Amino acid sequence: MPELPEVETVVRSISPHLLGRTIVRASFSSPLVTRGGLEKTAESIAGATIRAVRRRGKQIFFDLDRGMLYVHLGMTGKLLWDAEPGKHTHALVEFAEGTLQYDDPRQFGRMEFFDALPEAFERRGPDALGVDFETFLTRLKARRGRIKTLLLNQSVLSGLGNIYVDELLFASRVHPRTPVSRISRDRARLLHEKMQEILKLAIERRGSSISDYVDASGTPGDFQQLHRVYGKAGEPCPECGGAIRRVVVAQRGTHYCPRCQRA
DNA sequence: ATCTATTCCTGGCTGC
DNA sequence: TGCAGCCAGGAATAGA
């Protein structure tokens with residue numbers, strides 16, 4: 001599942017193909033993925049030139065000379081350059097130099113055109129990568145609830161998903177159900193440090209390929225080899241040797257060490 | 001304000 | 001080998 005490091009890797013691998021290039025034509029085939037109308041979206045971007053490729057959290061924006069093409073990969077979305085279209089290909093954006101393709105078996109992702117940034121997007125939290133500590137602390141402390149729920153909430157902070165939250169909480173020795181009111185300033189400092197460390201390392205490793213995640217050239221990442229708790233229920237904890245436990249928190253499978261991460 | 005449950009969807013897995 | 005049933009989950013949404 002694409003989270004911040006995977007989305008960053010996709011952006012880095014697709015940008016060189018797209019910057020400054022002009023869209024010759026486009027076609028969209030999934031009303032679920034492309035909600036603004038299939039024909040209308042294709043017409044809106046035809047002839048436009050890509051001025052910038054940006055990421056905020058898990059959101060990708062292709063800034064055009066007029067409006068923007070927005071992409072969210074959801075669970076199984078892929079942006080591919082010059083790939084073979086398959087049965088889950090929902091969009092083709094053609095350039096003189098090649099074709100940008102969007103594939104997504106589950107269709108939880110989006111590929112839509114916007115004239116301007118939607119209001120709801122402007123209220124998203126700051127990007128988890130590079131957010132300063134005071135902003136991180138302030139945004140966490142402005143809410144109540146369990147730490148895992150808040151870290152997953154894109155209005156609080158943008159970019160974290162289930163894998164990196166579990167890894168981050170383990171690295172910081174924080175129980176996923178800890179109420180945020182009980183997180184000390186020092187513990188928050190540790191969470192912030194570990195978050196930067198883990199995200200940077202995961203980007204270096206080109207993301208985690210758990211099921212079928214790949215970048216724009218079809219290359220998988222290998223950060224999954226460095227996962228310490230995610231997907232490791234029943235296996236020994238790398239720190240204490242006790243069994244990693246799997247529970248449900250915020251409707252998500254949650255992996256943690258009951259001994260290292262005390263409630 | 002914050003919680004939980006539900007919805008979207010299909011590949012992959014289990015068990016017969 | 002086939003197939004039914006279940007599960008995974010990002011984010012929007014509804015209801016408590």
Side-chain angles (χ1 to χ4, degrees), chain A residues 1-11 28-36 38 55-61 70-79 85-91 102-112 114 117-125 127-128 138-169 176-183 199 202 207-214 220 224 227 229-234 244-256:
Chain A
M1 38 191 141
E3 303 180 27
L4 191 154
E6 291 75 32
V7 177
E8 176 67 21
T9 303
V10 168
V11 164
F28 300 88
S29 55
S30 166
L32 194 61
V33 169
T34 306
R35 299 196 168 182
L38 305 177
R55 177 191 65 74
R56 177 168 179 182
K58 303 172 202 169
Q59 300 177 316
I60 301 169
F61 297 98
Y70 158 72
V71 178
H72 193 299
L73 301 173
M75 287 290 297
T76 53
K78 291 190 190 81
L79 277 178
K87 71 173 180 175
H88 301 299
T89 298
H90 307 300
Y102 182 74
D103 285 15
D104 190 353
R106 287 185 213 178
Q107 299 179 66
F108 279 12
R110 300 286 178 265
M111 190 173 203
E112 303 181 74
F114 295 123
L117 195 68
E119 179 71 21
F121 288 6
E122 306 213 23
R123 287 194 290 269
R124 290 287 150 81
D127 199 77
T138 303
R139 297 193 71 89
L140 278 185
K141 292 294 187 179
R143 304 219 183 199
R144 295 173 192 281
R146 302 182 192 282
I147 187 68
K148 172 153 181 174
T149 310
L150 290 181
L151 291 172
L152 282 175
N153 187 335
Q154 306 297 299
S155 314
V156 174
L157 199 64
S158 293
L160 298 179
N162 207 32
I163 295 174
Y164 294 99
V165 167
D166 280 5
E167 292 298 322
L168 164 61
L169 291 173
R177 284 204 248 255
T178 307
V180 74
S181 60
R182 293 187 48 194
I183 302 273
L199 292 175
S208 303
S209 289
I210 288 293
S211 50
D212 60 351
Y213 160 77
V214 290
Q224 67 281 2
H227 290 176
V229 288
Y230 182 82
K232 306 214 178 278
I244 299 297
R245 186 175 294 171
R246 183 187 185 280
V247 295
V248 174
V249 179
Q251 277 83 248
R252 299 284 174 270
T254 297
H255 316 75
Y256 75 106

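Note that the coordinates shown come from a computational prediction; the quantities given were computed from them, not determined experimentally. Proteins get letters first, then strands, A, B, ... in listed order; numbering begins at 1 in each.
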Taking only the side-chain nitrogens and oxygens of [X], find out if one of them lies under 4.0 Å from OP1 or OP2 of [N].
| X | N | value |
| --- | --- | --- |
| A:Gln154 | C:dA11 | yes |
| A:Lys87 | B:dT10 | no |
| A:Tyr230 | C:dG9 | yes |

Are the ring of A:Phe108 and the six-membered base ring of C:dG10 within the stacking cut-offs of under 5.5 Å and under 30°?
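By the stated criterion, A:Phe108 and C:dG10 stack.
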Give the rounded distance in Å between these two atoms: [atom1] of [X] and [atom2] of [N].
| X | N | atom1 | atom2 | answer |
| --- | --- | --- | --- | --- |
| A:His88 | B:dG12 | NE2 | C1' | 12 Å |
| A:Leu157 | C:dA11 | CG | P | 12 Å |
| A:Ile163 | C:dA8 | CD1 | P | 14 Å |
| A:Asn153 | C:dG9 | CG | P | 17 Å |
| A:Gln59 | C:dG10 | CD | C1' | 12 Å |
| A:Tyr213 | C:dG10 | OH | P | 15 Å |
| A:Arg106 | B:dG12 | CZ | P | 9 Å |
| A:Gln107 | C:dG10 | CD | P | 18 Å |

Residue that, paired with A:Leu160, satisfies side chain to side chain contact (heavy atoms under 4.5 Å, CB included) out of A:Leu168, A:Leu152, A:Leu4
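Of the listed options, the one satisfying the test is A:Leu168.
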Looking only at side chains, do A:Asp166 and A:His255 share a donor and an acceptor under 3.5 Å apart?
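Judged by distance alone, the side chains do pair up.
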Is a donor from one side chain sitting under 3.5 angstrom from an acceptor on the other, for A:Glu3 and A:Tyr213?
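No, A:Tyr213 and A:Glu3 have no side-chain donor paired with an acceptor closer than 3.5 Å.
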Using a strict cut-off of less than 4.0 Å between a Lys/Arg side-chain nitrogen and an Asp/Glu carboxylate oxygen, indicate whether A:Arg55 and A:Asp127 qualify as a salt bridge.
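Counted as a salt bridge, because a side-chain N and a carboxylate O are separated by less than 4.0 Å.
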Salt bridge A:Arg35-A:Glu112, side-chain N to carboxylate O under 4.0 Å:
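No, this pair does not count.
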Could you tell me whether [X] contacts a base, only the sugar-phosphate backbone, or nothing, with contacts defined as non-hydrogen atoms closer than 4.0 Å?
| X | value |
| --- | --- |
| A:Gly161 | nothing |
| A:Phe121 | nothing |
| A:Arg246 | sugar-phosphate |
| A:Leu73 | nothing |
| A:Arg124 | sugar-phosphate |
| A:Gly253 | sugar-phosphate |

Just compare B:dT10, C:dA11, B:dC3 and give me whichever is closest to any side-chain atom of A:Thr149.
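The answer is B:dC3, which lies nearest to the side chain.
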Which nucleotide sits closest to the side chain of A:Arg143: B:dT2, C:dG10, B:dC8?
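Closest of the options to the side chain of A:Arg143: B:dT2.
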Output yes when a side-chain donor or acceptor of A:Gln224 lies under 3.5 Å from a complementary backbone atom of A:Ser209, and no otherwise.
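Side chain of A:Gln224 to backbone of A:Ser209, a donor-acceptor pair under 3.5 Å: yes, one is there.
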Where each residue is assigned the nucleotide of DNA chain B containing its nearest heavy atom, which of A:Arg144 and A:Gln251 is assigned the position nearer the 5′ end?
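So the residue in question is A:Arg144.
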Distance-only donor-acceptor test (3.5 Å): side chain A:Arg252, base C:dA8:
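Flag unset: no donor-acceptor pair detected.
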